[in-house]
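Written below as structure tokens is the structure these notes are about.
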Amino acid sequence: MRRILPPLNALRAFEAAGRLGSFKEAAAELHVTHGAVSQHVRLLEGWLGAPLFERHNRRVTLTPAAQAYLEKIGPLFEQLAQATAAYGVPGTVSRTLSVNAPATFTLRWLVPRLATFRALHPDVEVKVQTSNGPLESLDESHDIVIRGGPDTFYGYSMRPFLSEERLPVCSPELMRRLPLHAPGDLRQHTLLHTSSLPRLWPDWLARAGVPGLTPAASLTFDHFYLTLQAAIDGIGVAMGPTALVSDDLAAGRLIAPLAGPRLPSRSYCTYVPEEKSADERVMLFRSWIEGEGASAGTPAV
């Protein structure tokens, strides 16, 4: 006869929360976020068709039926733990999380922040692969794909985490040599372009009211991160995405001499295969990167 079993990750979260009497303590024991425990409990409640906890402001208590349920499944988890210990538990279990993200985003935003995620979740190994191709062209599966959006892809859940705009940026040294106080002053400058983003400068110049402006020179790179590095090195003025130059602006490596206009840009989003949406590693990473995105915001200039 076919066994009817509830979602086991959800059951594990319920057992820990019920035994410890706290979602927070359950999250610490399971090495997941408080939100992940809450989500698993809601999933199990939906599957069972009945509430498991009574919510009282900052605390929760088991319903009588849930208490009886816990008393039956609790010993089963203990037996499972004992049986696994008797069989032999490996010293470390790999918990690799595969992330695919655009190269410039990875280099300038993700990598500088990954140490924070590693400190919070040392048991999750993050494997980062860079690619600028569209999601549907990827030749292998990943736990999380980071791309612009919001877009809809069949079989994927999407959540935005970081917004940005684009505006001219240059080094402080270049600004001292060639003042830049109005869009028209760009006639004295070298404009830095990226071959894959040919419309950035024309679109910005049109919005700034100088669509026919001819700069002193133009220089084109095949990768956006090279364009931004050229700006940092004082070679010319680049169209800087606010999210990816925020650290440079804060450190003084770049400045944004013109307050506007700001060119709208797509947000950064996480795309996750639906079958992996409830994976603990995925939820941890999504929760972390959304927090980082919210704290980053759009920098003032």
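Because the structure is predicted, anything quoted here is derived from the model rather than measured.
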Rounded to the nearest 0.5 Å, what separates atom OG1 in T242 from atom CD in E164? 5.5 Å
Output for pair (S287 OG, F117 CZ), nearest 0.5 Å, gives 9.5 Å
Is any side-chain heavy atom of [Y] closer than 4.5 Å to one of [X]?
X: S131; Y: L138; result: yes
X: H142; Y: V99; result: no
X: D151; Y: M158; result: no

With sequence neighbours left out, write down each residue that passes ring-ring contact (aromatic ring centres under 6.0 Å, His included) with F77, or none if nothing qualifies. none
Contacts of H189 meeting ring-ring contact (aromatic ring centres under 6.0 Å, His included) (sequence neighbours excluded), chain-then-number -> none
If you group Ile, Leu, Val, Met, Phe, Trp and Tyr by side-chain heavy-atom gaps below 4.5 Å, do L219 and V169 land in one group? no
Find out if a path of hydrophobic residues (ILVMFWY) with successive side-chain heavy-atom gaps under 4.5 Å connects L258 to L254. yes
Just do the side-chain contact (heavy atoms from CB on, under 4.5 Å) check on I146 and Y271 with the steps written out, would you? CA-CA 6 Å; I146 296 173; Y271 297 89; over 6 Å; no
Start with the C-alpha distance between W288 and R113, add both sets of side-chain angles, then the distance that settles side-chain contact (heavy atoms from CB on, under 4.5 Å), and finish with yes or no. CA-CA 10 Å; W288 168 77; R113 291 166 172 77; 3.9 Å; yes
With distance as the sole criterion, is a donor-acceptor pair present between the side chains of T220 and S195 under 3.5 Å? no
Are side-chain N/O atoms of S267 and S163 paired as donor and acceptor at under 3.5 Å? no
Holding to side-chain hydrogen bond (donor to acceptor under 3.5 Å, both in side chains), I want the full list of residues that pass it with [X], two or more places apart in sequence or in another chain.
X: R199; value: D203
X: R159; value: E290
X: N132; value: none

Could you work out, with side chain to side chain contact (heavy atoms under 4.5 Å, CB included) as the rule, every residue matching P7, not counting sequence neighbours? A10, L43, L44, W47
Quick one: side chain to side chain contact (heavy atoms under 4.5 Å, CB included) partners of D279, sequence neighbours excluded? R281, V282
Applying salt bridge (charged side-chain N to carboxylate O under 4.0 Å, His left out) as the test, list every pair that has at least one member in residues 31-52; sequence neighbours left out. E45-R55
Begin from the C-alpha positions of V124 and F285 and carry the test side-chain contact (heavy atoms from CB on, under 4.5 Å) through to its verdict. CA-CA 9 Å; V124 179; F285 192 87; over 6 Å; no
Side-chain donor-acceptor pairs under 3.5 Å in residues 229-238, sequence neighbours left out?
unit_1: Q229; atom_1: NE2; unit_2: D233; atom_2: OD1; d: 3.2

What are the two closest heavy atoms between M283 and Q39, and how far apart are they? SD-OE1, 3.4 Å
Which heavy atom in L167 sits nearest to a heavy atom in P261, and how many Å separate them? CB-O, 4.3 Å
Indicate every side-chain donor-acceptor pair of residues 62-70 with a distance under 3.5 Å to a residue at least two apart or in another chain.
unit_1: T63; atom_1: OG1; unit_2: A66; atom_2: N; d: 3.1
unit_1: Q67; atom_1: NE2; unit_2: E71; atom_2: OE2; d: 3.3

For a quick test of your reading: what N or O donor-acceptor pairs under 3.5 Å do the side chains of residues 100-109 make, sequence neighbours left out?
unit_1: N100; atom_1: OD1; unit_2: R147; atom_2: NH1; d: 3.0
unit_1: N100; atom_1: OD1; unit_2: R147; atom_2: NH2; d: 2.9
unit_1: N100; atom_1: ND2; unit_2: Q129; atom_2: OE1; d: 3.1
unit_1: T104; atom_1: OG1; unit_2: Y225; atom_2: N; d: 3.2
unit_1: T106; atom_1: OG1; unit_2: P102; atom_2: O; d: 2.8
unit_1: R108; atom_1: NE; unit_2: L244; atom_2: O; d: 3.3
unit_1: R108; atom_1: NH2; unit_2: D248; atom_2: OD1; d: 3.2
unit_1: R108; atom_1: NH2; unit_2: D248; atom_2: OD2; d: 2.0

Side chains of residues 18-29: which donor-acceptor partners sit under 3.5 Å, not counting sequence neighbours?
unit_1: R19; atom_1: NE; unit_2: E15; atom_2: OE2; d: 2.8
unit_1: R19; atom_1: NH1; unit_2: E29; atom_2: OE1; d: 3.3
unit_1: R19; atom_1: NH2; unit_2: E15; atom_2: OE1; d: 3.2
unit_1: R19; atom_1: NH2; unit_2: E29; atom_2: OE2; d: 2.7
unit_1: S22; atom_1: OG; unit_2: K24; atom_2: N; d: 3.2
unit_1: S22; atom_1: OG; unit_2: E25; atom_2: N; d: 3.0

